[in-house]
Amino acid sequence: MASTPTSVPAPKTNRLGLQVLDYRGGKTTLCAGCGHNAISERVIDALYEMGVKPERVLKLSGIGCSSKTPAYFVSRAHSFNSLHGRMPSIATGAVLANRSMLSLGVSGDGDTASIGMGQFVHLMRRNLPIIYIIEDNGVYGLTKGQFSATADLGSKQKTGVINDLPAIDTCTLAIQMGATFVGRSFSGDKKQLLTMLKAAIAHRGTVMLDVISPCVTFNDHEGSTKSYKYVMDHEEPIAEAGFVPHFEDIAVEYDPGTTFDVRMHDGSHLRLRKLHEDYDPTNKIKAVESLMEAHEKGEVLTGVFYIDTQKPNFVDLLHMTDTPLAQMPQEALRPPKRVLDEVMESLR
Amino acid sequence: MASTPTSVPAPKTNRLGLQVLDYRGGKTTLCAGCGHNAISERVIDALYEMGVKPERVLKLSGIGCSSKTPAYFVSRAHSFNSLHGRMPSIATGAVLANRSMLSLGVSGDGDTASIGMGQFVHLMRRNLPIIYIIEDNGVYGLTKGQFSATADLGSKQKTGVINDLPAIDTCTLAIQMGATFVGRSFSGDKKQLLTMLKAAIAHRGTVMLDVISPCVTFNDHEGSTKSYKYVMDHEEPIAEAGFVPHFEDIAVEYDPGTTFDVRMHDGSHLRLRKLHEDYDPTNKIKAVESLMEAHEKGEVLTGVFYIDTQKPNFVDLLHMTDTPLAQMPQEALRPPKRVLDEVMESLR
Amino acid sequence: MASGDLAVQDLAQGSERNRIVNDFSIQVATVNGSGSQSANTVLLRSLFRMGIPVSGKNLFPSNIAGLPTWYTIRCSKHGYIARKKEIDMLVAMNPETAKDDVMSLDSGAAVVYDEPLKLDAMRSDLIFYSVPYDKLVSTVCPEAKLRKLVKNMIYVGAVAQLLGIDMKQVEAALRKQFAKKIKAADLNMNAARAGYDYAAASLTKKDPLWVEQMNENEGKVIIDGNAAVALGAMFAGVTVVTWYPITPSSSVCEQLIDYMKKYRIGPDGKATFAIVQAEDELAAIGMVLGASWAGARSMTATSGPGISLMTEFTGMGYYAEIPAVIFDIQRVGPSTGLPTRTSQGDVLSTAFLGHGDTKNVMLFPGSVTECFTMAGDAFDVAEQLQTPVFVLSDLDLGMNNWMSEPFPYPDKPFKRGKVLTAEDLTRLGGFARYKDVDKDGIPYRTLPGTDHPAAAYFTRGSGHNEKAQYSERPDDYQNNMERLARKFETARSIVPRPEVVANNGVKVGVIAYGSSDFAVRESRDQLKREYRVEVDYLRIRAFPFSREVHEFIEKHDRVYVVEQNRDSQMLSLLKLDINPSHTPRLRSVRHFNGLPIDARSVTDDIISQEGK
Amino acid sequence: MASGDLAVQDLAQGSERNRIVNDFSIQVATVNGSGSQSANTVLLRSLFRMGIPVSGKNLFPSNIAGLPTWYTIRCSKHGYIARKKEIDMLVAMNPETAKDDVMSLDSGAAVVYDEPLKLDAMRSDLIFYSVPYDKLVSTVCPEAKLRKLVKNMIYVGAVAQLLGIDMKQVEAALRKQFAKKIKAADLNMNAARAGYDYAAASLTKKDPLWVEQMNENEGKVIIDGNAAVALGAMFAGVTVVTWYPITPSSSVCEQLIDYMKKYRIGPDGKATFAIVQAEDELAAIGMVLGASWAGARSMTATSGPGISLMTEFTGMGYYAEIPAVIFDIQRVGPSTGLPTRTSQGDVLSTAFLGHGDTKNVMLFPGSVTECFTMAGDAFDVAEQLQTPVFVLSDLDLGMNNWMSEPFPYPDKPFKRGKVLTAEDLTRLGGFARYKDVDKDGIPYRTLPGTDHPAAAYFTRGSGHNEKAQYSERPDDYQNNMERLARKFETARSIVPRPEVVANNGVKVGVIAYGSSDFAVRESRDQLKREYRVEVDYLRIRAFPFSREVHEFIEKHDRVYVVEQNRDSQMLSLLKLDINPSHTPRLRSVRHFNGLPIDARSVTDDIISQEGK
Ligand SMILES: Cc1ncc(C[n+]2csc(CCOP(=O)(O)OP(=O)(O)O)c2C)c(N)n1
Ligand SMILES: Cc1ncc(C[n+]2csc(CCOP(=O)(O)OP(=O)(O)O)c2C)c(N)n1
Ligand code: SF4
Ligand code: SF4
Ligand SMILES: [Mg+2]
Ligand SMILES: [Mg+2]
């Protein structure tokens, strides 16, 4: 009896028949317990559960511990670990060259809010179709813990130095500059982050997610507002997102009585559970207001603050052909001789 | 009788005994009718009327028609016409080197909102004591009229090209990033601009003034939201500023019944005439809200939107000595030999 | 009789004795923003249509309106189209500069001036023609506010009459200029006629300058180098274009936009391209690298300050091995410098743009035709070598009007370089991104979206091994850097070869590149004609240098390197590359005042160095 | 008896016969973030305190925790402190790399390893000592979570016992290390003792390595180059410091902050400085230029990528003539490259950083003492020449611990350059900012705030005349550029002179700079001792080169230029500057794998090129 083999259950697969293993990346080299690792895992889950083909994903990042993470998920996707603060421009070029890919940009708070501010703002303004994740720990992890521009006023460095400059709220900024799906979550909040990411995958414009992600080595102690403890104490979710993909119904999980539906471009729905009365994620002004108020109260609002599914994205604005530009054949790209003749004639 | 000389009245002078002539600059080389020229004149008037000594002024700018203007006012002040988009960093260095100067930064909308976005945001965040003027025409004048990032959605270029990207509102941005005196005016509005500039001179933090300044050559025609006509039609002042310097009382000009006073650092008062009921320039959230609402209504709000006279500026935060660093003698800057000995001993 | 008159009489008679035909230059001095551009173009085109070799150079300020501008038209029966120093006829329209303009003329020159300026009193050794513009314009143009513009067309008529330019050609050129705007055309044509008639009636020809019909321009076109670059890029199949406005490069992308909108809309009515005005040059080059990495043919155009901002990304393009095409329309540096003056000052800094052992490939177009063909070459070279390629044009070549043979239609297929498809991967069972499979230093790449589990690789600017994995291992790093050096050697044989214009075994050789070519060709004739000095000539067309360059230097005792910068930049690159024992042969001929180089300066410099 | 044992016995006996005293290197292989840093420092300092010349090199990954790290300690009775290739004793603490580490040892080396790793089975030609760390640590450290840290101190004890390091010195070094943290010190001391006692009781010495008291370090200090730069800047009176974090330069400003807070607070309790963490390097250099322009002594510190981002502003500094001091702590490029490895790869690109005929001044400190002194020189040179000055240090010099004589107190007054006061202006009645009054190419400037109506001038990166007025005139531009070239000639005599270490009229000369100096000095001894080849030696300390450099090359038939980059960058700069007929004399010795250059590599390369 002991010798009869027990039947092994078939590994779980998604709609493409791929296992979660097919979305794995290389072994992380980040510190044990780094919030960034948790985010990488959620990205894997989201892509797997949404059934996105690894080969159709573009991973883009800048420089920093956070920007290293694309090496730790979905090895089967092309990845561009670019320069400090320059991921937005690389991403823009890549998206224009191949509009058919799902682009995932990973950045850090230093990479985005300090050296990358200019490119960040202009990517948001273009509403480039991309999921832009800021793994936000308020410090420069890779260079050993100096303050970034999202470090909260008064937070303390291990060395004891206190930050005396105000924090930049990347969510408010993103909303005002033109991003069409803006939210904030916490690396430790598996459920919320996963649902947000899944919703993000269905969006067709700039998704900007600021994910608080504690740096256990340099910024996870008392006095730091980006520490696990601090966030757990001060986090106040305004809307818990439950995502309903159109190919997999998990609506049962949610109480229909208290839900607010947003129809996504791909026909799926993003369902927000209202915690605050009358919170409406389609109202830009209110979104900014709530963020500013929470900030004044020293609270970390999480959830999806703003969504606009109507605004054309950058690819739409450019009226490009559906075939990715990178895949156009020479015939389609080099006009015939008569065109040159015509031009030459006009110059005589 | 005709031959008897008529007595010439003594030229008007300010509290320093200087004439307005002493604040003149070189002859402008800008287009006739360029809004920028009007702004230069207001700057001259403000410095003259406030009795600021020309030698105590720093003129800083980037690159563009607007950034050329420091050559056209107050020739007796040192001026640094720097690089495109980089005036903020030059200004920061100069202010730190000599905290005793009055710094005046002149930029353009392209110089600030496009290439200069990163440095602009971080200067605001530091609340550097400086008057930062954006001469805002929605185009790149000097390079012949391409759209800048403040060009309004839907505005048309001479060539017929339409701008399909949203405009960046530099005032909202400045308020959110940390500037402590933020307003908007119009190059054609002599009175409002002059009073704003005079109030700005009394402020001890970052003053950010977005001055709509039509480019008569490339952006002053129907369809352009930065044209004289458009602004005149859509401008809606929220607060008309009447400035009361502590050494010259011009309060009489204003109807005291409807005024709102802000005490400035130098003891002088900034008096705002409320046009909107309950507009309170000290409320950040409300300021942003009004700007966003006006923007949605397609109106150009003018006036002083936000003032914070309490927040420490960057020089305060650095706890620098009162003597300008640039003027410190060697004795104060090179520690004595015993200090080196002490350090060396600690390394044994 | 005043000596002045005397002098003029001599000249007048002189002019009868030796007529100067189709070999002189006219300078029109105006104020920028006064709308003289069309008048100048009409004048240029009229001569062009008469079959006379011409060239036009616009010397304008970095300013929008109100400052002095000079437009120089040279016609040369010998076909010389470089700048000519000496002005033979001045059209003085700008009161501010009139005096300086007149004083700087060589004796014997002719001056057509606005009557109220009364310039004729200034010098007695010049020939003066006064024209009452305001009087004339008021008659032809009732609408007062248009007069300022129309006024310019009057000098076209007057000059045409004085030089004997065929008014039929003037009209044709003018109608072409105003195209569909019939009314404007008529108005301007009347102005031109008024000028012509006035000159015929009231001016007595005293100068020796004449034009006569020739037949040199059959089939030729007139175009500026930036338009040529735009056309070249379009026919090279560029798909992602990014730019940030900067003089003198803006017109590359502005003209490209027009061409693409017209000729690159697919059957579905949608664009087969994306053109983005970036927020700055850091973003412009970043977008180009992102797009090229993803498989698009991508380019940007800029000038000095933009190149400086692209430094960090250039190093990444070199090290991560990503194709990119960057057009540098050089202007005068350092820093902001003289934005509207020409230079070849970015050669050395671009070769080593990027910290830490970065080296870059450069192409040097020497004519508008090469602006067109090299735009194509640039994409081929960039994709074959998988590295950024800089095309160094300049303001003179890029913004001025040049006569040229029509451009050859590019019939060769695109060279997309070593790209592996899903099929290749199945066949090979995978690949190593940075492995030197073919021993030419050039590895294979895959494009995002390639439908194969082994297609993906990780691109980074940090240390990596052959498999594109992160590595800090000393040997991985060194091997990779040595491969990159090999790749740069391979580049020598992939970039455009130099043009060996003359290699007749004489002792003296000249090396030049880019827009200096025209002046050097003319200078060679001057050297031979005036000093009996024969010089061989090689024109560099790319960096790194190919065999021919070294051979040329080997074959000559003295080699003059002609360039438009202060620091002998190309000569410096040669010093670093040639056989050390040949270094003493190199001599420098520099021209760096912001004006296009002219033959006379080259000739004088060479002659003095030759000690003659 | 197994062959292994045999081999070891021979060695054991051998070790008795020829003891190797104070002349070997120890490599400690650990995992970064495991807190081995203090253990290594204690080991280094114990040797230092015994009066033995030592050097320590930290080879760490570009990562925060969990990746392999190697720390190498070399003691050399001859005083050689360059890196030594061969490892004589390995302390293997990292399971991941243990096998590679052991395999790469030369035969005869000793290995101290963690018992469970069982490395002794791997090779029979090495000497193995196993230490049961976990067992030992549990006895000395009851608190489990501290063990990981304390563990490291055990090997210090074991190694001390094996080599004969005086435990009194170990204790002294350890107490210094933990300063006021008495409890931590005690705990660690116990661990060290445990290691010592274990070794004494259970290990039989088989290797020939021994240390003995010497008296070489009297009064010497141990410091890293970045701390030295910080001190130098503080004593040079720096007032405005800007930076953006980047390895390996961050510790310059971080240490400077500590020093300034301690020693640069004025009597009013306020700071006599401003230190700003900028948003990026574009801003960092901008702030420095703004501050220097306004009269402050201002600096920034960065590395390759930051230098690339400073390109545009550098050109402006050169052209608008604004002082600036930039410390480039070089790391391996191109691009992000190897952020934690050393290189001299920014020499060429920095010399020509900036488009359009820009040229920059560079200083090359060759020791921690020069990091200190040249920080001072840099401000003097920058303010005298009114131009950006780059100080090129590197990771090896900047982040590693170096033995050094204490630094000399700078007694000479600051050289602030040609600055006019209000009084001067009254006397002179005004000034022209860019006029070459003294014919040395260096003009006079005034500072903002100077209380005189004629003090102000207009600074711009665009074309200007002597009066600093905007100008596009060809002659204004050319005259100004020629003056700037003259100024660069003047620089030759203002920058630090090279050090002519040996000039004995032999045929072969060596030229090196920066951190290569240590290896070259050792290599000269090797060449002489092992090959009877005597070589002269000149160490370059600045660019542009001064007379001595040219003379040195003139005097030698063959000159080897030793540098740590692929493209022979300093040799390239020499080629562009020296008498062309001497070019053939230059030969290149390159080391570019990211590790600090060592004497053996230099010796082997020179010998093979010398054909011996
Ligand atoms: C141009 C440039 N400057 C500086 C650096 C050094 N650097 C590397 S990562 C980093 C900051 C990263 O901070 P963040 O983006 O917040 O990422 P984190 O490590 O905190 O996840 C810096 C300054 C660089 N790589 N490039
Ligand atoms: C690095 C760099 N890129 C581009 C330019 C070219 N350029 C000069 S002015 C200008 C735009 C100016 O626009 P704005 O700031 O709005 O000033 P305006 O002329 O409209 O007053 C540009 C792009 C430059 N000088 N430097
Ligand atoms: S240093 Fe901080 S951010 Fe970086 S890996 Fe460690 S925990 Fe994460
Ligand atoms: S182009 Fe426009 S912005 Fe520039 S000077 Fe003329 S009107 Fe003013
Ligand atoms: Mg961070
Ligand atoms: Mg503008």
Side-chain angles (χ1 to χ4, degrees), chain C residues 61-62 303-305 307-309 311-312 314-316 318-320 330-341 343 345-346 348-350 352-359 460-463 472 474-475 477-478 481-482 485 565-567 569 572 575-576 580-581 583-584 586 592-595, chain D residues 61-62 303-305 307-309 311-312 314-316 318-320 330-341 343 345-346 348-350 352-359 460-463 472 474-475 477-478 481-482 485 565-567 569 572 575-576 580-581 583-584 586 592-595:
Chain C
S62 175
S303 193
I307 294 292
S308 284
L309 286 174
T311 306
E312 190 190 14
T314 297
M316 170 159 219
Y318 170 83
Y319 191 56
Q330 297 168 101
R331 67 189 211 183
V332 171
S335 196
T336 305
L338 306 179
T340 58
R341 296 292 186 266
S343 152
D346 299 346
L348 194 50
S349 52
T350 303
F352 301 111
L353 197 71
H355 61 274
D357 284 326
T358 300
K359 274 181 174 184
R460 49 162 66 85
S462 46
E472 295 176 347
D475 51 349
Y477 173 78
Q478 185 161 346
M481 287 301 282
E482 275 160 355
N565 56 58
R566 181 195 65 183
D567 293 340
Q569 300 189 13
S572 300
K575 270 187 178 176
L576 301 184
S581 65
T583 312
L586 301 180
F592 60 101
N593 62 6
L595 303 175
Chain D
S62 174
S303 191
I307 293 293
S308 283
L309 285 174
T311 307
E312 190 191 14
T314 298
M316 171 162 219
Y318 170 82
Y319 191 55
Q330 296 169 97
R331 66 190 211 184
V332 171
S335 197
T336 305
L338 307 178
T340 59
R341 295 292 186 269
S343 154
D346 298 346
L348 194 50
S349 52
T350 303
F352 301 112
L353 198 70
H355 62 276
D357 284 327
T358 301
K359 275 180 170 183
R460 47 163 67 86
S462 47
E472 295 175 349
D475 51 349
Y477 173 77
Q478 184 160 346
M481 286 300 282
E482 276 161 354
N565 57 58
R566 181 195 64 183
D567 293 340
Q569 299 188 14
S572 300
K575 270 188 179 177
L576 300 184
S581 64
T583 311
L586 301 179
F592 60 100
N593 63 5
L595 303 175

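Order of the sequence lines fixes the chain letters, A, B, ..., with proteins taken first and strands second; residue numbering starts at 1 for each chain.
- For a residue to count as touching a neighbouring chain, one of its non-hydrogen atoms must lie under 4.5 Å from one of that chain's; by this rule C:Ala320 does not touch chain D.
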**Study point:** Working for side chain to side chain contact (heavy atoms under 4.5 Å, CB included), residues D:Lys575 and C:Thr583
**Key:** CA-CA 9 Å; D:Lys575 270 188 179 177; C:Thr583 312; over 6 Å; no

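- Of the two parts of D:Ser343, neither the backbone nor the side chain holds a non-hydrogen atom closer than 4.5 Å to a non-hydrogen atom of chain C.
- At a cut-off of 3.5 Å, with distance as the only test, a side-chain donor of D:Ser308 or C:His355 sits close to an acceptor on the other residue.
- The shortest non-hydrogen separation linking D:Thr336 to D:Arg331 is O-NH2, 3.3 Å.
- Chain D forms the most heavy-atom pairs under 4.5 Å with one residue out of C:Ser572, C:Gly345, C:Ser581, C:Gly304, and that residue is C:Gly304.
- In terms of heavy-atom pairs under 4.5 Å with chain C, the best-connected choice from D:Glu472, D:Arg341, D:Glu482 is D:Glu472.
- Within the 4.5 angstrom heavy-atom criterion, atoms from both the backbone and the side chain of C:Ser462 approach chain D.
- At a 4.5 Å heavy-atom cutoff, the contact between D:Thr340 and chain C is made by side-chain atoms alone.
- The aromatic rings of D:Phe592 and C:Tyr477 sit perpendicular, their planes meeting at an angle over 60°, well past the 30° parallel limit.
- Taking both residues in full, the closest heavy atoms of C:Pro334 and D:Gly315 are given as CB-O, 4.2 Å, listed atom of the first, atom of the second, then distance.
- Proximity to chain D involves both the backbone and the side chain of C:Arg566, based on heavy atoms less than 4.5 angstrom apart.
- No part of C:Thr314 comes within reach of chain D, as not one of its non-hydrogen atoms sits under 4.5 angstrom from that chain.
- The two residues D:Gly354 and C:Ser349 have their closest heavy-atom pair at O-CB, 3.5 Å.
- Between the side chains of D:Asp357 and C:Gln569, at least one donor N or O lies within less than 3.5 Å of an accepting N or O.
- Both the backbone and the side chain of C:Leu576 come within contact range of chain D, with heavy atoms under 4.5 Å apart.
- No other option in D:Leu338, D:Asp475, D:Asp567 has as many heavy-atom pairs under 4.5 Å with chain C as D:Asp567.
- Put simply, the side chain of D:Arg460 does not reach to within 4.5 Å of the side chain of D:Tyr319, judged on heavy atoms.
- Most heavy-atom pairs under 4.5 Å with chain C, from the set D:Gly594, D:Pro305, D:Gly463, D:Pro61: that is D:Pro305.
- Listed options C:Gly461, C:Ser303, C:Pro339, C:Gly333 were ranked by heavy-atom pairs under 4.5 angstrom with chain D; first place goes to C:Gly461.
- Looking at C:Glu312, the atoms closer than 4.5 Å to chain D (heavy atoms on both sides) sit in the backbone and in the side chain alike.
- No option in C:Ile307, C:Asp346, C:Leu348 other than C:Ile307 meets the side-chain contact (heavy atoms from CB on, under 4.5 Å) test with C:Leu353.
- In this structure, chain D has a heavy atom under 4.5 Å from the side chain of C:Tyr318, while its backbone stays farther away.
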